[in-house]
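What follows is a single structure, written as structure tokens, with notes after it.
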Amino acid sequence: MAKEYDFKTVEKKWQNYWYDNKLFEVKEDADKPKFYGLIEFPYPSGAGLHVGHIRAFSSIEVIARKKRLEGFNVLFPIGFDAFGLPTENFAMQTKQHPRIVTDRNIIKFISQLKKVGYSFDWSRVIDTTDPDYYRWTQWIFLQLFKRGLAYKSNTFVNFCPVCKVVLANEESQNGVCDRCGAEVIQKEKDVWFLKIRDYSEKLLEGLNEVDFPEKIKVEQQNWIGRSTGAELIFKVRTKKGDYPLTVYTTRPDTIYGVTFLVVSPEHPLLAEHKESITNLAEIEAYQAQAKTKREFDRVHMAKDKTGVKVEGIYAVNPITGTRIPVFTADYVMMDYGTGAIMAVPAHDQRDWDFAKKFGLPIIEVISGGDVTVEAYAAKDGGTMVNSPLINGLPVKEAIAKMIGIMEARGIGKSKVDYKMKDWAFNRQRYWGEPIPIINCPKCGQVPVPEDQLPLRLPDLEDFSPSDDASSPLSKCKDWVNTTCPVCGGPATRETDTMPQWAGSSWYFLRYMSPHCDTAIVDPQAYKYWGQVDWYNGGMEHVTRHLIYSRFWNRFLYDIGVVGYPEPYKRRSAQGLILGSDGEKMSKSRGNTVNPDDIVDTYGADVLRTYILFIGDYEKPAPWNPDGIKGCARFLNRVWNLQDLVVEDCNTCDLNLDALIKKVGDDYENVKFNTAIAYLMTALNTIYARGKTTISEINTLLLLLNPVAPHLTSELFELLNKGGKIEKQRFPVYDPAKLVSDTVEIPVQIMGKLRAKITIPLNSTQDEAMAEIEKAGLLEGKTVLKVVFVPNKIINLVVR
RNA sequence: GCCGUUAUGGCGGAACAGGCAGACGCAAGGGACUUAAAAUCCCUCGAUCGAAAGAUCAUGUCGGUUCGAGCCCGACUAACGGCACCA
């Protein structure tokens, strides 16, 4: 009998062996093919590692170990995305410096990750809060700034009047402050933006060349929100003369149905033509009200349209010459299109609602709906009516023709627009990268010279937010007051810091040469490692991190710093691990699972096996404490295979080639659950037979090694005179052995399974029928029709 | 409202490309071993009828295509995720 498997000793032994011998530390090696596997680096929260992390990391871990066995030079790095609010808040509460908190958390994470036996290259650990790292984050910002892609602009921020602090969007969900529950108000402030909109088209195009799950592509496409339409110019008659008001529309075909125009309350028309407006007081009251209205309200009041008619001015329809009234209403946004729309109530539900409320005419210009009941959008059908120049045309043709007419007359042009907004790139917080800009009264915004980077965070005593919506850094006068690098005169530093998404937008580049101090990435290292071959992470990052980092990489490509426009070749996404109650894990629900507990009770291999076996990798799965036991049993049975070893075994006819193919393919296809299931089936077969050979076990161990590396390393060593499993090659199957010479096919009668017959491979229909006759399945029946799929099935239609 | 995803036993989930529904695991029941328990091993395990052989029903609902549908088509329902007064 085999010695009982002592996971504690064995796991410790192999972890020491791997880490002490630096087995996973890699260098560029031109003789080997490279594989760069990446997991989203964790935020080192005080709570430590979560089972969600285990699921997220274990996929690439399996691939990394498999690729190593296949002879690849594998880069599988880890680091920490350590700037951010939770640490800062925790630091404030406990009156410790965030640096201390961060370092402590990182140490904890590293020890937890090592206990799981992950094959990370520990020589490349990066930390976004390390000045040697954020020096380069700041450097990238400066490149963006120098090319006009970073700019400061006035906008509204979420402000909690109780805590007196600017809140990030994620801290003010539903218009309520996360910490005190007070209603958040909008406060005007100058903030930095990155012109990600300039990259809309490139980010869309790039999706064509990457291997991402379709739903990720669709989500990014929707986020970018490309629409093709037209900009049309309506003349607005004012006391100062005609004001050319440009509206954006995707439906220029409906121009004959325009019965009013609507401008956003922030539209410059209103500010520039006050003297023409006869109900100015009313307009200004409405503007003031719209300003204080929170984003949240705007959305939830969607059905109850508000607005005011702008008296004293009117617009002229450029096609018909008709006079039409101008309104201002907050259902028109200043930051999309031109902030002004032509309203066609007959064919747009929002305009319809507004027209009903204000008693405005509704003119049908596309037949096919009943516009007295609701708007008829007619996206796919309908023909134009009441539209002299385009009557009778289907919608699509009408759009094209009308754009042509407008372009010819100089009153409009086709125009592509995007919903994606520029990236608001600052926070009024301490624990982030300082923005390396100096404000000089004479020279304006001056970049910190690159040789002065990193611009270090000053070591503040009090890093709590200020109550005037400015950053904590503004309190540090020694740091704020500086001299202008251009004119040498007195100047002040930018006091806002970068958002959390900054450091994570380029970290995959840093891993290639984490200690390079002359560039963000060493060109030789980049030349070798290039793109990330496979990147796994959460769906929640698809429209933030995943799009931001694609943007930065694309920018770096455009300025010649990197050689590939897309950073990630392939992306996969793990599903959420839910609590055993089927609900999202949370401390308040008390349904969380600490991976440390599982490692202590069952061992790292069991945890790894279970998290991969739990279900479809890409779908959410509830944690089941009993399920872990099954995986523990499985691994135990693998260990005990040593008791079944015989020298010669003529009945050991397990089809290993089929198993190798199945398991290997499943790993690559993110189907870890079925890969493990097939290994279990093979094991059951061996146990039923009662004997096995060392060579058979070795194959199984190699297949299982990426999932359960400790146990398989130990058993391999034991059975192979001290041999090391990592020196082996991942098994290769012989395609010729995947097919046998006979095949069992089902016999259906009238579509229902009635019997099974075993016939030689590639038998003809007649041979199959002969076999069925022999079995006496057709007595008293007349065969009307035979459907025969060679080697698959035979179905008989009988009477 | 728009976009997307999903729906299979008591549970998690399998089913390659329209061809044996329920692999694998859990739970449950029965048995062996044990003084006993744990561990381990063996058997049963979708529902209904039947002593059995077997038959019928069954992949969210209702229709359709097909020799054959969990899978394809049409119309729904529910849950989850994303976006949202986007012109």
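Given the structure is predicted, the values throughout are model-derived calculations rather than measurements. Numbered from 1 within each chain, the chains take letters A, B, ... in sequence-line order.
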Notebook entry, point to check: Nearest of B:C67, B:U6, B:A87 to any side-chain atom of A:Met333?
Noted result: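 Shortest atom-to-atom distance from the side chain points to B:A87.
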Note to self: Closest approach to the side chain of A:Thr674, judged atom by atom: which nucleotide of B:A87, B:G19, B:A15 is it?
What the structure shows: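 From the listed options, B:A15 comes nearest.
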Margin query: Using heavy-atom distances to pick each residue's nearest nucleotide on RNA chain B, tell me which of A:Asn795 and A:Glu219 is more 5'.
Written below: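 Nearest nucleotide further toward 5': that of A:Asn795.
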Next item on the list: Note every stem involving RNA chain B: at least three consecutive Watson-Crick or G-U wobble pairs, i with j then i+1 with j-1, with both distances under 3.5 Å.
Entry: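 Output for stems: B:1-7 with B:77-83, B:10-12 with B:24-26, B:28-32 with B:40-44, B:46-49 with B:54-57, B:60-64 with B:72-76.
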Next item on the list: Please determine if a side-chain N or O atom of A:Lys215 lies less than 4.0 Å away from the OP1 or OP2 oxygen of B:U5.
Entry: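 Answer no for this pair, as no side-chain N or O of A:Lys215 is under 4.0 Å from OP1 or OP2.
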Next item on the list: Would you verify whether the NZ or CZ of A:Lys305 falls within 45 degrees of the ring axis of A:Phe354 while also being under 6.0 Å from that six-membered ring's centre?
Entry: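 No - A:Lys305 does not lie over the ring of A:Phe354 by the 6.0 Å and 45° rule.
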Would you classify [X] as touching base, sugar-phosphate or nothing, given that sugar-phosphate means primed atoms plus P, OP1 and OP2, and contacts are heavy atoms under 4.0 Å?
{"X": "A:Asp616", "value": "sugar-phosphate"}
{"X": "A:Val789", "value": "base"}
{"X": "A:Gln748", "value": "base"}

Note to self: Under 6.0 Å between ring centres: does that hold for A:Phe193 and A:Trp423?
What the structure shows: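 No, the ring of A:Phe193 stays outside the 6.0 Å limit from the ring of A:Trp423, centre to centre.
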Margin query: Is it true that, when you exclude A:Lys357 itself, more than 12 heavy atoms of the residues, nucleotides or ligands shown sit nearer than 6.0 Å to its NZ?
Written below: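 Result for NZ/A:Lys357: enclosed.
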Checklist line | All side chain to side chain contact (heavy atoms under 4.5 Å, CB included) counterparts of A:Glu4, not counting sequence neighbours | finding: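 For A:Glu4 there are no side chain to side chain contact (heavy atoms under 4.5 Å, CB included) partners, ignoring immediate neighbours.
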Item checked: N/O donor-acceptor pair under 3.5 Å between A:Thr254 side chain and A:Gly257 backbone ->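 Judged by distance alone, no pair lies under 3.5 Å.
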Next item on the list: Indicate yes or no: at least one non-hydrogen side-chain atom of A:Asn536 is less than 4.5 angstrom from one of A:Arg571.
Entry: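 Not in contact.
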Next item on the list: Answer yes or no: is there a side-chain heavy-atom contact under 4.5 Å between A:Arg226 and A:Gln221?
Entry: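 A:Arg226 does not reach A:Gln221 side chain to side chain.
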With 3.5 Å as the limit, what N/O pairs link the protein to nucleotides 24-28 of chain B?
| unit_1 | atom_1 | unit_2 | atom_2 | d |
| --- | --- | --- | --- | --- |
| B:G25 | OP1 | A:Asn684 | ND2 | 3.1 |
| B:C26 | OP1 | A:Arg633 | NH1 | 2.5 |

Notebook entry, point to check: Between A:Asp6 and A:Lys8, is there a side-chain N and carboxylate O pair less than 4.0 Å apart?
Noted result: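 Judged by the 4.0 Å cut-off on N to carboxylate O distance, A:Asp6 and A:Lys8 do not form a salt bridge.
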